[in-house]
Amino acid sequence: MISERHVTKLTNVRRSVSTFVAPVFQDRWGKIAFAVIAIYAVIGLVGPYLPIAPPLEPLMHPDGGYAQLDSPSWAFPLGTTYVGYSVLSQTIYAFRTSLFVGVLAAVLVLTVGVNIGLISGYYGGKVDSALMGLTDLAYGLPFYPFAIILVAIFGSSTLTIALVIALVFWRSIARITRSETLTLKEREFIKSSKAVGTSNLRIMYYHILPNLLPLILIYFVFAVTWGILLEASLSFIGLGDPNTVSWGLMLHEAFEAGELANAWWWVLPPSFCLWLFIWSLYVVARKLEDNATVSAKGGA
Amino acid sequence: MSNDLSNFLVRRFVGFAVMLYVLLTVIFVLFRIMPGDPTAMLVTGRFTEEARQAQIENFGLHRPLHEQYVIFISNALQGDFGMSFFYREPVADVIFPALINTMLVMVPALTLVMIFAYVWGSFVGWNKDTAIDRWGTYIPVSIRAIPHFVMGLLLLIVFSYTLGWFPTGGMTPIGESQMSYVEMVTSRTFFHYAALPFLTALLQYAADPMLLMRNNIISEREKDYIELHRLKGLTEDQIRNHAARNSMLPLLTWLTPMVGIAFGGQILIEVVFSWPGIGRELVLAANRQDMPVAQAAFFMIAVVVLLTNLLVDLAYGYFDPRISYGKQ
């Protein structure tokens, strides 16, 4: 049963979130960035159902020869790769890969980071020292080298990559969540719930967590960005999932084939798609960040 | 005060030692839970029987796990990471030159980035809400959103393949004999080869510290002493210099995560430009499953990052007398 109080609570949460996201829509760049992200999401969802050639099947000329390194034409809108794959199809299928890795990584990062920060800040004392010691440790690890080592050991699948991102990036979220929890914990409403005997779990997840939502939202966007960047980077250096199509992998193949100088149609689409996506996510995250009074900042 | 200082130093050094130890343990554990047995790599035919025996002997791979752990850590602390499976040379001989090659690009790039951030960030922040500020921040942010390797590829396509101004990769012309480092960094060839990797790093890292400096100076501008300087009749440039000097401290703190981030970015830049640095070596080792090189490269990068943390901490105390060493 949803009681009156729950409804009020939900309304409050919804209101705080909507005032929070408002600055994104205040200027031109924010609107453009948001529109781009929306378009990317749509292409990611419908991409594989569009009437396009399969991305991992060599295309043929009408005369029966393979269409290798064809420049863009009516038959092959963005040209073909050196084994004859359609660049257009690969670019479109890669939207889905990027979105999937980004969102999966962000969910994992936030699950780990927010919980560690919340527990650490709320309980304090020994729990806090132990968890923050762990966080300091994660800060000491250079991120890309660590990711490369982990992928080399555990093999490269999309899931591994998302897990690797979570394993390293939870640190900044944990720190921020902790410091926010520390200030929230001192507020009257938390003290009074404590006085009436509300359980710790309920205070943490029902009273404190909703107040962290703006922060969580900012870091969600940041984490999606990191996820996409990391997947692209690992794929580019040849440690990505070889069975999925991604922009990083496309660039890796063009680079390895030594076709950078000739096949501009093979290099520019994935480069442009990556750049525009990351740019939009940055713009949105920065607009959100400007609005939030984040008391402590953690580096990436 | 001096007692506080020595406490602070001791705490920092102990922290460093603990991190180093934990790092080695993480590496030890990781490379033993990996699928497949490390000794299996040694029998794949790349090694002669004697070399294999020496390797097993050296790392005590035939002994129980806890003894292997002790041997691993003591060897690592002496810089002995065994033999590379691929090069069949001691890992140290592969790793150290590569680390220096990475530093040759990274150190100048980060130095220039800090200077740019200081100068441009304070200038743009001082002109907040003007066209200079808007474009002066939008352009760096847009450039920053280009992933390292995409930036590298684009520069490569434009300046090497199309215009032919710079070599497409490597550090020296193929077949050229190895020079000493002093000879090398003073030669024109070196600058010719280092130009594009250097430019990529510069374009990539400049935006973040610049924005940080901009935000700092914007809040510094609100402070009372600025008004006092104005009343004293200082020129606007002089006042800005004062404010800039007072807002550079967070920039210094930023350098700490920056070194870690730069090592990450440097890996991709090195792959694009075939720069024989430690990042590229790490990637090659990972792809070749050359685990001794991979773990040593990872360890060396982590050690450099930890050392930088330590130095920045110490420098922070030196630059800001307000910091009390007694407190965390």
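Naming: A, B, ... by sequence-line order, numbering from 1 per chain. All values below come from the heavy atoms of this structure, side chains included, with hydrogens, waters and symmetry mates left out.
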#### Entry: Straight-line distance of B:I267 CD1 to A:I148 CD1, nearest 0.5 Å
4.0 Å
### Task
Apply side-chain contact (heavy atoms from CB on, under 4.5 Å) to B:F149 and A:L251, showing your working.
CA-CA 9 Å; B:F149 60 96; A:L251 288 169; 3.6 Å; yes
### Query
For the candidates A:F236, A:Y282, A:W279, which exhibits the highest count of non-hydrogen atom pairs separated by less than 4.5 Å from chain B?
A:F236
### Summary
Given B:V283, B:V26, B:I278, B:V18, the one with more heavy-atom pairs under 4.5 angstrom with chain A than any other is B:V283
### Query
Do you know which of B:P147, B:G260, B:G265 has the most heavy-atom pairs under 4.5 Å to chain A?
B:P147
### Query
Nearest 0.5 Å, what's the CZ-OH distance between B:F263 and A:Y144?
15.0 Å
### Message
Any heavy-atom pair between the side chains of A:I278 and B:R144 that's under 4.5 Å?
### Response
no
#### Entry: Heavy-atom pair count under 4.5 Å with chain B, highest-scoring of A:G238, A:S280, A:A232
A:A232
### Query
Measuring heavy-atom distances to chain A, does B:I27 have an atom under 4.5 Å in its side chain, in its backbone, in both, or in neither?
neither
### Query
For B:V22, is it the side chain, the backbone, both or neither that has a heavy atom under 4.5 Å from a heavy atom of chain A?
side chain
### Selection from B:V259, B:V150, B:L153 maximising heavy-atom pairs under 4.5 Å formed with chain A
B:L153
### Shortest non-hydrogen separation from B:V141 to A:R286 and the atoms involved
CG2-NE, 4.4 Å
### Task
Could you tell me whether the side chain of A:L268 reaches within less than 4.5 Å of the side chain of B:L154, counting heavy atoms only?
yes
### Message
Please determine whether the number of non-hydrogen atoms from other residues, nucleotides or ligands lying under 6.0 Å from atom CZ of A:F34 exceeds 12.
### Response
no
### Message
Would you say the ring centers of A:F146 and B:F298 fall short of 6.0 Å from each other?
### Response
yes
### Task
With a 4.5 angstrom heavy-atom cut-off, could you sort out which part of B:I146 is near chain A: side chain, backbone, both or neither?
both
### Query
For A:L150, is it the side chain, the backbone, both, or neither that has a heavy atom closer than 4.5 Å to a heavy atom of chain B?
side chain
### Task
Grab the two heavy atoms, one from A:I149 and one from B:A294, that are nearest each other, plus how far apart they are.
CD1-O, 3.6 Å
## Note on the structure
Under 4.5 Å to a heavy atom of chain B? For A:V267 that would be side chain
### Message
Does A:F100, at its CZ atom, have more than 12 non-hydrogen atoms belonging to other residues, nucleotides or ligands within less than 6.0 Å?
### Response
no
### Task
Say whether, by atom type as modelled, one donor and one acceptor occur between the side chain of A:W275 and the main chain of B:S142 under 3.5 angstrom.
yes
### Query
Can you name the closest pair of heavy atoms from B:G264 and A:P145 and give their distance?
CA-CD, 4.4 Å
#### Entry: Where B:L156 and A:F255 come nearest, the two heavy atoms and their spacing
CD2-CE1, 4.3 Å
### Message
What's the separation between atom CD1 in A:I237 and atom CG in B:L268, rounded to the nearest 0.5 Å?
### Response
5.5 Å
### Summary
Whatever's closer than 4.5 Å to a heavy atom in chain A on B:V272 counts as both
